[in-house]
Every structure is written in C-alpha cells, then in structure tokens.
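Taking it in order: structure first as structure tokens, then the write-up.
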2 protein chains.
Amino acid sequence: MPLTLEDIAKMAHVSRSTVSRVINGDTNVNEETRKKVEDVIRRLNFQPNIAARSLAAGRTGIVGLVIPAGVTAIFTDPYFPQLIQGIMKACNASDHSVMLWLTEADYERRVIRQILYGGLLSGVIIASNPIDDPVLQALHKSKMPFVLIGRHPNLDVNYVDVDNLNGGQKATLHLLRLGRQRVATITGPQNMIAGIDRYQGYCQALQAMNCPLRPELVVEGDFTEESGYLGMRTLLPHRPDAVFVANDTMAIGALRALYEAGVSVPQQVALVGYDDMPAAAHLNPPLTTVRQPIGKLGAAAMEMLLEIIRQPKSPTSHRVLQTELIVRMSCGSS
Amino acid sequence: MPLTLEDIAKMAHVSRSTVSRVINGDTNVNEETRKKVEDVIRRLNFQPNIAARSLAAGRTGIVGLVIPAGVTAIFTDPYFPQLIQGIMKACNASDHSVMLWLTEADYERRVIRQILYGGLLSGVIIASNPIDDPVLQALHKSKMPFVLIGRHPNLDVNYVDVDNLNGGQKATLHLLRLGRQRVATITGPQNMIAGIDRYQGYCQALQAMNCPLRPELVVEGDFTEESGYLGMRTLLPHRPDAVFVANDTMAIGALRALYEAGVSVPQQVALVGYDDMPAAAHLNPPLTTVRQPIGKLGAAAMEMLLEIIRQPKSPTSHRVLQTELIVRMSCGSS
DNA sequence: CAACGGATTGGGAGCGCTCTCATAAATCAT
DNA sequence: ATGATTTATGAGAGCGCTCCCAATCCGTTG
C-alpha cells in the first residue's frame, strides 16, 4: 500500500537511485531532474520507509530518551515534561524522532539490549538520576553516542547539567546574609548528583560565611512531598530559623509541616526551594526558589548529541547552565 | 559488529530459519533444539535487529504516542507524566516500545507523514486535546490502528476516557447540597472534550437541583493557572458563593485571586477543583477535588491498542473510567 | 515393503532502502 | 580529433529478518 522509492522513480521517469539521491540531498543530481522528482514526492506525500533506510544505511534519525522510572518524584513535578519538551523541540527542528524508555528495574536488561543491539537508534539521551544506573554503565561501555543529563562524578562522559552547586550556594548564602543563624537543609537523595551538588553548595556557603555545619540541621529527603514533610518534622525540634530545601516539591511538604506546627513562615522559619515550579509562586507564602532552565537543558542535550553523532571521535564535552535565585516572600527578605 | 540471526544459527548448529522460529515462539520446533538455541541467544545477549524485522514482517512492536504540544497546561501539571507512565508500564509488560511525538503546528504535516508512511509503527495512541486535531483526522482516514485518549463527539473512533461529565456533576452537586446558592464555574477550553464534558456536568447538576444556569457565573478558562486567576477576578463581582473549577491548576489561580481580594475560603466562597494533583492536598486550604485515574487511563489505552492491532476489524471500542470526589477543606463541608 | 503423513528443518526470495561501481553523456585539455 | 576528466544516471548487491516451500527424517499403514 505505501509508496516505495521505485514507485516514485517510475512516476518521475528516473531510477530508484536518483530518487534516493534527491531525498538524501546528494549534490550529483541535475537541477532539472531534482525538481521533477521533488515534485512527485511532494505530490504523493511520499515518506521513505524508516526501517528499510535504517537497515540499509545504519543511521536512522531516531534517538532514545531513557528515564529511570524508579524516581517517583519525577512524576509529581513538572521537571520531566519540561525536559521532554526541550528535547522534542530540538528534535523537530533537526528532523529527528524520539523513542522513550522508562526503565523499571524488571525490564532493565531488555531495555539495554534493545537500545544497544536493536539497531534502531542513532544516539541516546539519558536522564540518569542514580549515579550507578546500569543503563548508563552499559552505554558507557558501548560505542553508542550518548549524552547524560546531569553530570557524573566518576565517568568521563558527555553531559549537560545545571550548576547545582552554585544554585545551592546562592540559596543558602541568601538566607545567611539575611541574618539567619541556624540554616538547615533538606537535601535530595545522596545517590543522585543533583542531590549531592545542591548539598555541597549548602556546605560551601556555610563555610564561606564561617558558619559551622551542624549535622542535626541536615536531613536527607528524596525529592518527594512526603519526604519534605517528614524532613521538616525531624528538623523542627532543633529550632532552625531557615531551611534550604533541595526542591520545591519537598518545600511544599515542609510548608505543610510548618503550618501544622503553627510555625510562621518566614517570620520564625525562612524557606528557600529549588526548581521554581509553576506552583511555587502561588504557595502561601510565595516560595523563594532557585530557577533552572530545564527546557534549555533538554535542547542543549539534544544539540550535543547531534554533534557527537556527527563527530563520534571528538573528546567528551560538557555544558553547564546557570541558575537564578527567584526571591519571593518565603525567605523573608522584603 | 552486532550479532545476526545467522551468527546465532552457526553457533547453535542450526539454520537461520530455526533461530527465527525460536525467537518468534513458533511451536514447530523440537524441544531440544529450542533449548540449544535459547541458550546461545541468552549467552550472547542477542537482540534481533528491529529495523530488519520491521522491514521483513511489517510489524514492529513500536507504538507512537502523539501529544499536541500547543497545550501548555499539559506541562504545568502532572497529568502528562502520569499518563506516559501508565502507557509505558503496559508497554514494558507487553514487550513494546514507544515513540513520542509532540506535534507543534509547524511540523504537523511531517509528523503525520512519518507516522502513517514511515512503516515503523504498529499503532498510535493520541492524546488529542483539540477536537479538530489534524493528526487525528489523518489517522482516522488511514488504516493505522489507533486509540484516542479522551472521547470524541463526532468521530467513531476507539477511545478511553474518564467520565468527565459525571465528575463535573459530582463536584457541582456536592457544592449545591452543601447549601450554596450561587455556584459558579471556571470551565476548561470549550474546544477540548474534557472542558466541554465537565461543563456539561456542571449544567446538569444545576438542572437536577432546579437551579437556574446564570451565564454571569460561567467563565471559560484554558486550564492554566493564569486563566484561573483571571476567571476568578471576572467572577468575583457577581458574588458567587462557590466555584467549580475544571482543573486544579486553575483552582490554584482562583485561590490566589480570592486571597488577594481578601475573600475567605471556604467561608465566603467554596471551591472544588479537578484532577487531584499532588499539590492539591497541600494548598491552603486543602483543595476538594475530583480525582481521575490517569495512570490507569494510559494503561487502558495501551491495552486497547494492542487488542486493536491483534484484531484490526473489530468494531470500535470504548472504555470509560470513573472519577472520585476527594473531599477536603476548600468546599467547607466539614 | 512401498507408500504415506506428520514433525522438523533448511534454503530461497524478498521487504525498501543505500551504496558502490559501471556506464553514458558532456566537457575539457592537448 | 583524440584521450582524459567530470557530471549524471542506472543496475546490482546486500542490510537482517520473516515467510513460504521443499526436503528430510521418522513412525505408520495397507
């Protein structure tokens, strides 16, 4: 039913080869012939069979996007959709398509196999939250071009990231400069680089201001609302007067705990979040937070991947985007 | 570099055909032979080339997921990730893969071409928000198996949906039964079926309770926070004592408008939202809302699609999931 | 004992495309 | 005018798989 190269060739009175040349932009085609063929293609709405092309040529114009499904937090805040949107924009612009893989542990081996040996992908973008993600490991050992979203502490891989260290630092410094004495933090999971880096930023800010790092003012969360709520309850007895929460979703949970405990924000406890999710501006009080350019991050990843596919042997490349502190009322600065 | 059927065949001392049979679960294989072949496959981590299989057999095990990118609201609340997650779960379980397409208007024609003529897809799930989505139209005219998420008022197509009419009805009735006299609504866009149905539910509830439908108590939003805020400001002069807001994101906006105007919730104005997004429980006051089983909806869509792929000529099938009213404080019922 | 049938297996064709090579036509240098 | 080079096109092979048909083997049956 669908048309083939041969059909187009017949209609344009040329050979299959010539049609192929036209489609792939080969320069060795007579201008007139090209016009003729392009005409037929447009008129019949012809689309070359992707599978056949893939088989014959090896390249496919399809990139994989791998997201670990274990991270439930990803599905409660808009990080993930924004990321995808950024990637897809860049994809559309470069005439590529995306295959999506949510890797649940049960299917991990299959996913790896399909990605590496299925022969369908030109490259992969992997939003690898856990540092020791098996898919990442497999990818790293293979020669499949790929880009990691979020830097990796040990592996020498291509990545794009936001400057989480600096972001955590900015947030904490802001609270410190406002005169807060006991600045606590609810961190992200310490097996994810974003969680680690934001926490390191917190530590460095304390150091820079000559404040002691009090272990009782540090609790680890996992980016979920629930863990923010519990974290805040753990923190409360130690009387913090400010908290840097490593993402907005946890900040919402923290806010709930504070509200229940009758603690006023920002008077008694100031709060700074991270992400600037849309709801942040509309919390009560509006949340001061660190904004990260998530859409841009996705687009940057895609651009980098295309570059790597084009130039497979180039040295690993990194791209780090900056964050911005959005001051609202929860930090009590105004 | 990657292995082929032929390689496996050689190692197992059988023919390419036999290996193919084993892989595809053909019963006409000697038990012993099967074991032997499966062994080699497992040992070498062999994965048949998807492109080649697709080319030879026509079927691919890949389904397309089409989401119109125009709908910005999709990216501010977790509807979309939850949907994807539901679909992917069903996909993993059935050994299928997903290609993702966000259709921006600029690339619509290309997307349609690739989906229909690329030869790579076994079927398509389309979350068609606008009723007159061109991709939907094209799909409907083609013989590509597809399932629509959200029913369609005119087209006879396969779909899964939640019972938005009933949901809107339940929410409105709840307010009415609480004794509210002037129940307003901020609707979703009236070119999306979800927006339409929830509004119809509102109308039917009024009717059932013999309340007049007052046009000044109805404003149309577009599912964004901003439109909820503006909608509420439009409504305020007409002194509603309750509002059914067609999604939680708009409810957050409405809440902000009420807060700014110094109107107390739920004392002066009661509020019910729709979606039960995770933040809903943590707003101030916690939001009464209609919960829909989004993940299940995605899984149901995938299951239906698999069914249709298997039985292409069966009559169109529909599946409607029910909603649940989650009562919290914003409706003032307790 | 020849003919027969089912259970297994192997081989060939072909899916629609790209790529290399051969050919033909056109251009250039000598 | 002849050979050499460039430009434009076509033909054939082959990517890795599935599917169909033929071949083989074995146990049955008349």
Side-chain angles (χ1 to χ4, degrees), chain A residues 1-38 40-41 44-62 95 97 113-114 116-122, chain B residues 1-38 40-41 44-62 95 97 113-114 116-122:
Chain A
M1 186 70 211
L3 296 167
T4 72
L5 268 196
E6 210 83 45
D7 298 329
I8 304 296
K10 209 162 291 169
M11 316 223 54
H13 305 292
V14 294
S15 76
R16 173 171 41 89
S17 304
T18 302
V19 179
S20 175
R21 283 191 194 95
V22 170
I23 287 177
N24 293 293
D26 191 315
T27 50
N28 281 346
V29 179
N30 183 292
E31 207 39 53
E32 212 169 308
T33 315
R34 173 186 307 278
K35 281 271 178 338
K36 204 168 52 181
V37 173
E38 280 176 344
V40 177
I41 290 177
L44 299 185
N45 234 321
F46 170 70
Q47 163 76 220
N49 182 302
I50 300 178
R53 163 179 289 184
S54 160
L55 185 56
R59 62 193 148 65
T60 63
I62 301 177
D95 203 7
S97 309
R113 272 211 338 254
Q114 291 190 338
L116 292 184
Y117 309 121
L120 204 51
L121 300 184
S122 300
Chain B
M1 185 69 212
L3 295 167
T4 74
L5 269 196
E6 210 83 45
D7 298 328
I8 304 296
K10 209 161 292 168
M11 314 222 57
H13 305 291
V14 295
S15 75
R16 173 172 40 90
S17 304
T18 302
V19 179
S20 174
R21 283 191 195 94
V22 170
I23 288 178
N24 293 293
D26 191 316
T27 50
N28 282 345
V29 179
N30 183 292
E31 208 38 54
E32 211 170 309
T33 315
R34 173 188 305 282
K35 280 269 178 341
K36 203 169 53 180
V37 173
E38 279 175 345
V40 177
I41 291 178
L44 299 186
N45 233 320
F46 171 71
Q47 162 76 222
N49 182 302
I50 301 178
R53 164 178 289 184
S54 160
L55 186 56
R59 61 193 147 64
T60 62
I62 301 177
D95 203 9
S97 309
R113 271 211 338 254
Q114 292 190 337
L116 292 184
Y117 309 122
L120 204 51
L121 300 184
S122 299

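Bear in mind that the values here come from a model prediction, so they are computed numbers and not experimental data.
- The listed nucleotides are C:dC21, D:dC17, C:dT8; the one nearest the side chain of B:Pro48 is D:dC17.
- Here A:Phe46 lies in heavy-atom contact (under 4.0 Å) with sugar-phosphate atoms only.
- For the OP1/OP2 pair of C:dC19 and a distance below 4.0 Å, the side-chain nitrogens and oxygens of A:Ser20 include no atom meeting the criterion.
- The nearest pair of heavy atoms linking A:Gly61 to A:Ser122 is N-OG, 3.2 Å.
- When side chains are defined from C-beta on, A:Asn45 does not count as touching A:Leu3, because their heavy atoms never get closer than 4.5 Å.
- Proximity note for B:Asn28 (side chain, C-beta onward) versus C:dG16, C:dT8, C:dG10: the nearest is C:dT8.
- The shortest distance between the side-chain N/O atoms of A:Thr18 and the OP1/OP2 oxygens of D:dA8 is not below 4.0 Å.
- Under 3.5 Å, the side chain of A:Arg16 and the base of C:dT18 form at least one donor-acceptor pair of N or O atoms.
- In this structure, the nucleotide among C:dG16, C:dT18, D:dG16 sitting nearest to the side chain of A:Asn49 is C:dG16.
- Side-chain contact between B:Asn49 and B:Thr4: absent, with no pair of heavy atoms (C-beta onward) separated by less than 4.5 Å.
- For B:Asn30, no side-chain nitrogen or oxygen approaches OP1 or OP2 of C:dA7 to under 4.0 Å.
- A donor and an acceptor atom sit less than 3.5 Å apart, one in the side chain of B:Ser17 and one in the base of C:dG11.
- When distances are taken from the side chain of A:Arg21 to each of D:dG14, C:dT20, C:dT9, the shortest belongs to C:dT20.
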Which donor-acceptor pairs under 3.5 Å do the side chains of residues 16-28 of chain A make with protein atoms, sequence neighbours left out?
unit_1  : atom_1 : unit_2  : atom_2 : d
A:Arg16 : NE     : A:Glu6  : OE1    : 3.1
A:Thr18 : OG1    : A:Ser15 : OG     : 3.3
A:Ser20 : OG     : A:Asn24 : ND2    : 3.4
A:Asn24 : ND2    : A:Ser20 : O      : 2.8
A:Asp26 : OD1    : A:Asn28 : N      : 2.8

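- Taking atom CD1 of residue A:Ile50 and atom P of nucleotide C:dT18, one finds them 12 Å apart after rounding to whole Å.
- For D:dT9, the OP1/OP2 oxygens have no side-chain nitrogen or oxygen of A:Ser15 closer than 4.0 Å.
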For this session: Tell me, with the steps shown, if B:Thr33 and B:Val14 meet side chain to side chain contact (heavy atoms under 4.5 Å, CB included).
Result: CA-CA 8 Å; B:Thr33 315; B:Val14 295; 3.8 Å; yes
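- OP1 or OP2 of C:dT18 has at least one side-chain nitrogen or oxygen of A:Asn24 nearer than 4.0 Å.
- Atom CD in A:Glu6 sits about 11 Å away from atom P in D:dG10, given to the nearest Å.
- If you take CZ of B:Arg53 and P of D:dT18, they are 5 Å apart, rounded to a whole angstrom.
- Contact of the B:Thr60 side chain with the B:Arg53 side chain is not registered, since no non-hydrogen atoms from C-beta on lie closer than 4.5 Å.
- Backbone-only contact: B:Thr33 has heavy atoms under 4.0 Å from sugar-phosphate atoms and none from a base.
- Comparing C:dG11, C:dT18, D:dG16 against the side chain of B:Thr4 picks out D:dG16 as the nearest.
- Between B:Ile8 atom CD1 and D:dG16 atom P there is a gap of 13 Å when expressed in whole angstrom units.
- Comparing B:Ala57 and B:Val14 by the nucleotide of DNA chain C whose heavy atom lies nearest to each, the residue mapping closer to the 5' end is B:Val14.
- Rounded to whole Å, atom P of D:dC17 lies 12 Å from atom CG of B:Leu55.
- Distance CD1 (B:Ile23) to C1' (D:dG16): 11 Å, rounded to an integer number of Å.
- If you measure from atom CG of B:Leu5 to atom C1' of D:dC19, you get 13 Å, rounded to the nearest angstrom.
- The separation between B:Asp26 atom CG and D:dC19 atom P is 9 Å, rounded to whole Å.
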